[in-house]
Trainee: 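Take a look at the following structure, please.
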Amino acid sequence: MADLEKGVRKSAMSPKYLHTNSTSHTWPFSAIAELIDNAYDPDVAAKTLWIDVQFEKQELCLTFTDDGNGMKEEKLHKMLSFGFCEKVEINGHKPVGHYGNGFKSGSMRLGKDAIVFSKKDKTLSVGFLSQTYLCAINAETIMVPIVMWHSITHERQMTADSDASLAAIVKYSLFRSEADLLGEFDNINGPQGTRIIISKLRTDSTGNSEFDFKTDKYDILIPDDNVSTSNVGSYNGKSKYKKPDRQDDVPECDYSLRAYCSILYLRPKMRIIIRGKKVRTRLIAKSLRQTETDVYKPQLDSNAKPVKITIGFNTKKNHYGVMMYHRNRLIKAYERVGHQTKANEMGVGVVGIIECNYLQPTHNKQDFDYTKQYRACMKALGSKVNDYWNEMNGLKRQSAGTAAQASQGPVAESNLPDQTWVQCDRCLKWRKLADIHDPEILPDKWYCNMNTDPTFSSCSVDEEPEDSDDEDLRPSYDKTVKKQMEREKMEKCMRREEEKRQQKLEQERKIQEMERKLKRTQAQLQIKEREAQHKSRQLQAVVAGKVVVQNGVALRNDTPVYRQNMELNTQRLLTQIEEQRIEMERQQEQILSRHQQVPQVVQPGPANHPGTVSQPRPVNQPGTLNQPSTSRAADLKNILKRSSLSSLIAPLKKVKTDPDIIVLDNDTEPAVKRKCTNVNCTQTDPVEILTRVPDGNLTRLSALEQQQVLLQRTRELSELRRNVSQLLQVLVPELNLRDNDIDVDSSEIDELLKQVLQANTQS
């Protein structure tokens, strides 16, 4: 049954987690940096760290040896466990590690087994973290054998697990006996220190080590193999461990451990010796040319203090970007920002350096958490680098122009830094040299007494103070180009705003003009609407028979002229119709009386059938009724035509229809349509007309009713005319009457009435 603590099961950790945890380091130098950080942190405070490659028992191993404070059994056990971190700041020295996972992830990334030897206070301790051991015993959780001895007597301290731990270390490590383990402590110089040996180094699919130990005997490189892209361990013809970069000249720190260690710390306080040769560490913020400083106030964090940014040109032109540190430790190197992200020459060679202690690094300490603060910082860094580039290029163009005017040729650029700083190999203090030197030609071992400045020529003298990082930080240079660009931008904005204002005024003017036109149009529409309403009222009055204009003059029913004219016109028409009716009746009676005088001939019929009366056949006796002459037929036609309805229909034909008003003109000439000019006429006043006098009583009818009465009388007269014509056709066939002999047919009268009614309906 699983172990219990306070009645509750403990959480187990599978041995496979050692490999899983190590995969956070995709770049092998980040794993080595974890082991370097352990020696650098204030709890160890090593002065020197040796990194070497050697064979142990005919197996290639990586070794890390420091002269720090060392560890006892309890601290060693926490270092080999997960999540324990008791590092604190000491004398301004801030620890890098704070996750309690660096040694485990880093060592297991480099190899499968790691054995630790540590000296402290006359105690010798050995701890073993091994994937080989855990796999061999089929362990269900991670176990770390630890053994301790007295440093003088070499007597092993007996504990509950010391025997089992020693047996496990001897069996599964490179050291096959207790004496071999004790002999390894001789490689730790001094009374205290720590030595780490990593064996069974990781290899690629071909069995070769992921490191190149042969090209440079004083360095550890990441090989740039020429294997095909199909092989595991490479991409685009380059090793999969090398960081992808858009530069043609990849920074050396990407593939050289020596170059990487030289810039690993912003203010190095520890010597690093790789394969027997000291790394020439440098104060990167003091190794630039045309150096200037700027200030960034972190956003979204009111408690964060302003951060100083050092900007300058690198002595190696192709190595450029922003160097971002956290607690003195390099997190991101040559990160391009601003103009540097574009495919041009802008920003080339510019290096920015910032210590972002307010940001949170990721688990492998190779990046920062992608937070709002980080994005704001990157944006600000891009702006600062752009300002520096624009300013330096502006000054450079001015200097080149001045030199050209003096005919002295272009100004030559120096590849030397503005300052030369060197670290003493004895006291590890940094000294500023009075003269500028190329750091590459300085001796490998340099001491304070070699300084030409007598003030700082002794190891007992404190370091020269650096620039203070107080809250009153200000940029060290006047950004004239930026100010000029801002002025131009402001002027451009002002011009654009003025153009917008003018456009707005022009638009307002056009809108006002359109509004004025609209008002005029509305006024015109109102006038037309009033006219239309007036015409509509007139038309309604016309349809209702209330308005009549006769002979071009509007008549009112309350004027004598109107009543007199209407009575006369109506009476005249009625009289003409009555006279025509009487004349037609008289002619009909004459025709009938003449017809009775004509003898009738009885036609013999069939047997037992009465005879019929028929017209006598024409004979050769001219002038008789039996054979009417041509002149007589013509006379009859003329008599019939003299009774034409043309004189009665003519007034009706002259009835004009108009959308505005109806004009009734009884003259022979066409009526003239015009405005009312009678002073007594008001267009809006209702007007009635006098139409007919039936049975001697005067009756007032509308104009439409008057027309209907006239047409009805004419239709009756036409019917009488048609009856006379039919009678003549029966009595006198020789007349041979046709339809065109009748001047006006009832259909024409109906058509006239239809037009009048339709015109009034449309109005």
Side-chain angles (χ1 to χ4, degrees), residues 246 288-302 304-314 317 320-322 324 335-354 356 372-411 413 418 471-515:
R246 288 188 290 267
L288 304 176
R289 57 184 177 86
Q290 299 181 0
T291 307
E292 300 291 349
T293 59
D294 210 330
V295 182
Y296 168 62
K297 177 64 171 68
Q299 301 178 7
L300 307 174
D301 189 353
S302 58
K305 296 181 179 180
V307 182
K308 183 176 72 174
I309 304 173
T310 303
I311 309 176
F313 284 96
N314 198 352
K317 182 179 179 181
Y320 58 93
V322 176
M324 304 182 69
E335 184 71 15
R336 298 186 181 183
V337 295
H339 294 327
Q340 298 173 340
T341 60
K342 301 178 182 179
N344 51 41
E345 294 297 322
M346 299 180 68
V348 173
V350 178
V351 174
I353 301 167
I354 183 173
C356 308
K372 292 182 179 179
Q373 290 86 347
Y374 170 75
R375 294 194 292 271
C377 178
M378 298 303 294
K379 183 177 180 180
L381 288 174
S383 177
K384 304 295 184 183
V385 169
N386 292 348
D387 293 343
Y388 175 83
W389 170 263
N390 294 333
E391 187 68 25
M392 293 299 107
N393 276 272
L395 295 176
K396 181 179 178 181
R397 286 192 294 269
Q398 293 176 6
S399 300
T402 304
Q405 293 175 2
S407 302
Q408 296 178 357
V411 178
E413 293 184 359
D418 296 338
E471 296 182 359
D472 195 23
L473 289 175
R474 295 181 181 179
S476 62
Y477 65 105
D478 190 14
K479 302 178 181 180
T480 56
V481 176
K482 180 181 180 180
K483 294 178 180 179
Q484 178 64 24
M485 293 175 64
E486 290 178 350
R487 285 195 297 269
E488 292 177 355
K489 184 177 180 180
M490 185 177 297
E491 292 175 358
K492 185 177 180 181
C493 292
M494 293 177 62
R495 288 194 300 269
R496 187 162 54 247
E497 291 296 330
E498 180 64 21
E499 291 176 358
K500 290 182 179 179
R501 191 178 68 83
Q502 293 296 335
Q503 292 178 358
K504 186 176 180 180
L505 292 176
E506 182 65 20
Q507 291 177 355
E508 291 178 353
R509 188 188 63 79
K510 291 181 179 179
I511 292 173
Q512 292 176 357
E513 182 66 23
M514 293 176 65
E515 289 178 351

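All residue numbers in this chain count up from 1 along the given sequence.
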Trainee: Give a yes or no on whether the backbone of Val322 and the side-chain of Glu335 come within a donor-acceptor separation of less than 3.5 Å.
Mentor: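 Checking the backbone N and O of Val322 against the side chain of Glu335, no donor-acceptor pair under 3.5 Å is found.
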
Trainee: How far does NZ of Lys308 sit from OG1 of Thr293, to the nearest 0.5 angstrom?
Mentor: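 If we round to the nearest 0.5 Å, Lys308:NZ and Thr293:OG1 are 6.5 Å apart.
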
Trainee: Suppose we screen for side-chain contact (heavy atoms from CB on, under 4.5 Å). Which residues come up paired with Gln502, at least two apart in sequence or across chains?
Mentor: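 Scan of Gln502 (side-chain contact (heavy atoms from CB on, under 4.5 Å), adjacent residues dropped) gives Glu498, Leu505.
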
Trainee: Could you state the interatomic distance from OH (Tyr374) to CE (Met324), rounded to the nearest 0.5 Å?
Mentor: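 Between Tyr374 OH and Met324 CE, I get 5.5 Å after rounding to 0.5 Å.
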
Trainee: What closest approach, in Å, do Asn390 and Met485 show between heavy atoms, and which atom pair accounts for it?
Mentor: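 Heavy-atom minimum between the residues: ND2-SD, 3.8 Å.
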
Trainee: Side chains of Pro306 and Tyr296: closer than 4.5 Å at any heavy-atom pair?
Mentor: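 Side chain of Pro306 against side chain of Tyr296, heavy atoms only: no contact under 4.5 Å found.
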
Trainee: Could you tell me whether Glu506 and Arg509 have a side-chain N and a carboxylate O separated by less than 4.0 Å?
Mentor: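 Counted as a salt bridge, because a side-chain N and a carboxylate O are separated by less than 4.0 Å.
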
Trainee: Quick one: does any side-chain atom of Glu292 pair with a main-chain N or O of Gly312 as donor and acceptor, under 3.5 Å?
Mentor: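 Looks like no, no N/O pair under 3.5 Å.
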
Trainee: Rounded to the nearest 0.5 Å, what separates atom CZ in Arg496 from atom CZ in Arg501?
Mentor: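 Taking CZ in Arg496 and CZ in Arg501, the distance rounds to 15.5 Å.
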
Trainee: Tell me whether Asp418 is salt-bridged to Arg289, with the criterion being a basic N under 4.0 Å from an acidic carboxylate O.
Mentor: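 Judged by the 4.0 Å cut-off on N to carboxylate O distance, Asp418 and Arg289 do not form a salt bridge.
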
Trainee: Rounded to the nearest 0.5 Å, what's the gap from CE on Met490 to CD on Glu497? Could you check?
Mentor: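 Reported to 0.5 Å precision, the distance equals 12.0 Å.
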
Trainee: Quick one: NZ on Lys384 to CD1 on Ile354, what's the gap to the nearest 0.5 Å?
Mentor: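 One finds 9.5 Å between NZ of Lys384 and CD1 of Ile354.
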
Trainee: Ignoring hydrogens and geometry, is there a side-chain-to-backbone donor-acceptor pair from Asp294 to Pro475 under 3.5 Å?
Mentor: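 Pair absent, no side-chain N/O of Asp294 close to backbone of Pro475.
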
Trainee: Roughly how far, to the nearest 0.5 Å, is SG of Cys493 from CD of Glu486?
Mentor: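 With rounding to 0.5 Å, CD (Glu486) is 11.0 Å from SG (Cys493).
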
